[in-house]
Amino acid sequence: MNATQEQLKIKFEQAMMAAFGDEYATVDPILVPAGNPKFGDYQANVALSLSKKLGQQPRAIASAIVEKLDVSQICEPPEIAGPGFINLRLKTAYLQAQLQAIYPDSRLGVPQAKTPQQEIVDFSSPNIAKEMHVGHLRSTIIGDSIARILEFRGHDVLRLNHVGDWGTQFGMLITYLREVYPQALTTANALDIGDLVSFYRQAKQRFDADETFQETARQEVVKLQAGAADTLHAWKLLCEQSRKEFQVIYDLLDIHLNERGESFYNPLLPAIVEDLAKSGLLVENQGAKVVFLEGYTNREGEPLPLIVKKSDGGYNYATTDLAALRYRIQKDAAKRIIYVTDAGQSNHFAQFFQVARKAGWIPDDVELVHVPFGLVLGEDGKRIKTRAGESVRLRDLLDEAIIRARTDLEQRLQEDNRTETADFIANVAQVIGISAVKYADLSQNRTSNYIFSYNKMLDLKGNTAPYMLYAYARIQGISRKGGINFEQLGDNAQVILEHETEFALAKYLLQLGEVVSTVEQDLLPNRLCEYLYELSKKFNVFYDRNHGVRVLDAEEPQRTSRLVLCDLTARTLKLGLSLLGIQVLERM
């Protein structure tokens, strides 16, 4: 099923071709939802943009387009306003038919992508031997939501966790553990993650201060790269220990990932250097092998190089990222590769993308996208930290959200004199707590920093997960109160729109496909959050005693029609929230 806006766009293109010739068939009609309902539902502003090219007044152009515009099956007769705006109002019969058509559809009318393709979303990416902290929150949540939306649209999505599991830090850590806790290198689960992190910090201090230790650590890296059995066994144990801890958080957040760490690409690094040399891009600079970049200079104004092989013979992140990029194109056959990392890495991505393009490794049909995001700030407007000045552990942050959600829930139960089981309280607290954290992040434009506030994100009012969950639960309450099984209303249940709140809700329900399609392209999940928030508000007005309509005690056929609108709203909320990685609750 085509979205309304898409259908109207096609009609405008046909009208412009008929009015002005074939060359105008692909002109964008600049069709947008009307800002004010009194002017209709959609507005086309193309007449103003064509005025100079056609040498005519915008109103005359608008009249010529309207004369050829056949939207009689969708809209009332178009109206021309102001200097040449073309206003369109959807027909009641069209709205009713559309709602009845999507009602039996599990996808609620959202079509699959016309050309599904292989897409990779690279997100989360914690480092082995370190705990996940608040800095991993945004990549993990945003990446998961993007992957869910692409999967829903029918793309074959490979979710990759590019963990930091290779390099100097392992030589450093293994060397230190050989001295202070050797059993950790031979016995599984000898350390918990907190001890491992503590040992890592101590190893780093030794590495920075002790040249002998530093050299021993470097030799340990050489042994690791050469596949020495004892070093490799120790490395695997350390990775597995971290992996278990990561999984606890991923399970809590309902995140599914395929781990493919930096170590996976290690055997491919020499070929990267060799092929860059063959292409003539590689030059030697101060003992290192580098590629000079266009548009990047150092403080002295000299061209900035991207180092692909260090003077000591080692490789760096850029080399690994180039190898990963080439593998993803050649072996994974990806057509769009999406990297979800903080905005501070934007230069890094622009630089190695440039090198890959210069080397001819990026086919014309492959799109590379860096999805940057801002910082999570404390309520003081500064980077969120513990009192000791360290990054907040992600596990602690999530646990605190659940504890606070439970406190709020128990207080509400007491005020309402309600008694619930321990399992009910535990489940509702966890769903609300985790959903609140996710939604607070996703509802922000990802390019901006945002203030992390438990009080705001757990508020039952405003643009929050609890507000959305409550709207869904409220509709399920209508079902329980009236003894209604929504699934038995019938696929052919008639929709009748009469009241202004019914029209407002109906029109908004039909915009889901447009919103999902937009997020698929611009990768901004906050657009979906805004849609769900507005939908919840429109439902609450529709169901409001003073401004809305009666539902359960309405006469037929209005009663069934309004129950269909309730059910469509609940299913739209459930589907939309699932694309954000958020569960719903039948009762709160």
- [ ] For residues V437 and L137, determine if any side-chain heavy atom of one lies less than 4.5 Å from a side-chain heavy atom of the other.
- [x] yes
Open item on the list: Side chains of L579 and V519, heavy atoms from C-beta outward: is any pair under 4.5 Å?
Closed with: no
Open item on the list: Less than 4.0 angstrom from a charged side-chain N to a carboxylate O is my criterion; do E220 and K223 meet it?
Closed with: yes
Open item on the list: On a heavy-atom basis, which atom in V515 and which in L528 lie closest, and how many Å separate them?
Closed with: CG1-CA, 3.8 Å
Task: Heavy-atom donor-acceptor pair, N258 side chain to L160 backbone, under 3.5 Å - done: no
Open item on the list: Between S139 and V340 (side chain of the first, backbone of the second, donor and acceptor by atom type, cut-off under 3.5 Å), is there such a pair?
Closed with: yes
TODO: Would you please say whether a donor-acceptor pair under 3.5 Å links the side chains of Q241 and E245?
DONE: no
TODO: Evaluate the side-chain proximity of S242 to N127: yes if any heavy-atom separation is below 4.5 Å, no if none is.
DONE: no
- [ ] Would you mind reporting whether V121 and V371 have side-chain heavy atoms less than 4.5 Å apart?
- [x] no
Task: F349 side chain near P372 side chain, heavy-atom distance below 4.5 Å - done: no
- [ ] Of all the heavy-atom pairs spanning L377 and N449, show the shortest one and how long it is.
- [x] CD1-CB, 3.8 Å
TODO: Decide side-chain hydrogen bond (donor to acceptor under 3.5 Å, both in side chains) for N161 and Y250; before the verdict, give the C-alpha distance in whole Å, the side-chain angles of both, and the deciding distance to 0.1 Å.
DONE: CA-CA 11 Å; N161 197 6; Y250 292 142; 3.1 Å; yes
Task: Between H233 and T186: side-chain donor-acceptor atoms closer than 3.5 Å - done: no
TODO: Would you kindly say whether Y467 and D459 are connected by a side-chain donor-acceptor distance under 3.5 Å?
DONE: no
- [ ] Taking only Lys NZ, Arg NE, NH1 and NH2, and the carboxylate oxygens of Asp or Glu, determine whether R404 and D408 approach each other closer than 4.0 Å.
- [x] no
Open item on the list: Working note: E119 + R153, criterion side-chain contact (heavy atoms from CB on, under 4.5 Å); need CA distance, chi angles, decisive distance, verdict.
Closed with: CA-CA 12 Å; E119 304 211 4; R153 286 281 283 158; over 6 Å; no
Open item on the list: Y265 vs Y315, test: ring pair (Phe, Tyr, Trp, His ring centres under 6.0 Å). Steps then yes/no.
Closed with: CA-CA 11 Å; Y265 305 102; Y315 304 100; over 10 Å; no
Open item on the list: Parallel, tilted or perpendicular: which one describes the rings of Y327 and F264, with boundaries at 30° and 60°?
Closed with: perpendicular
Open item on the list: If you apply the rule ring pair (Phe, Tyr, Trp, His ring centres under 6.0 Å), what do you find for Y317 with H162, and how did you get there?
Closed with: CA-CA 11 Å; Y317 292 124; H162 188 82; 8.8 Å; no
- [ ] Under the side-chain contact (heavy atoms from CB on, under 4.5 Å) rule, what do W361 and L322 come out as? Steps first, then yes or no, please.
- [x] CA-CA 9 Å; W361 297 345; L322 285 166; 4.1 Å; yes
Open item on the list: Please determine whether a side-chain nitrogen of the Lys or Arg among E534 and K537 lies less than 4.0 Å from a carboxylate oxygen of the Asp or Glu.
Closed with: yes
TODO: Locate the shortest heavy-atom distance separating L257 from I255; write the atom from each residue and the value.
DONE: CD1-CG2, 3.8 Å
TODO: State, without any angle test, whether E262 and N266 hold a side-chain donor-acceptor pair at a distance under 3.5 Å.
DONE: no
Task: Carboxylate-amine/guanidinium proximity below 4.0 Å for E151 and R148 - done: no
Task: Polar side-chain atom of H133 near backbone of G135 as donor-acceptor pair, under 3.5 Å - done: yes
- [ ] Would you check if there is a donor-acceptor pair between the side chains of N445 and T447 at a distance under 3.5 Å?
- [x] yes
Task: Test: D332 and R260 ion pair at under 4.0 Å - done: yes
TODO: Verify whether one side chain among Q202 and Y176 offers a donor that lies under 3.5 Å from an acceptor in the other.
DONE: yes
Open item on the list: Does any part of the side chain of D165, heavy atoms only, come nearer than 4.5 Å to the side chain of W235, both counted from C-beta?
Closed with: yes
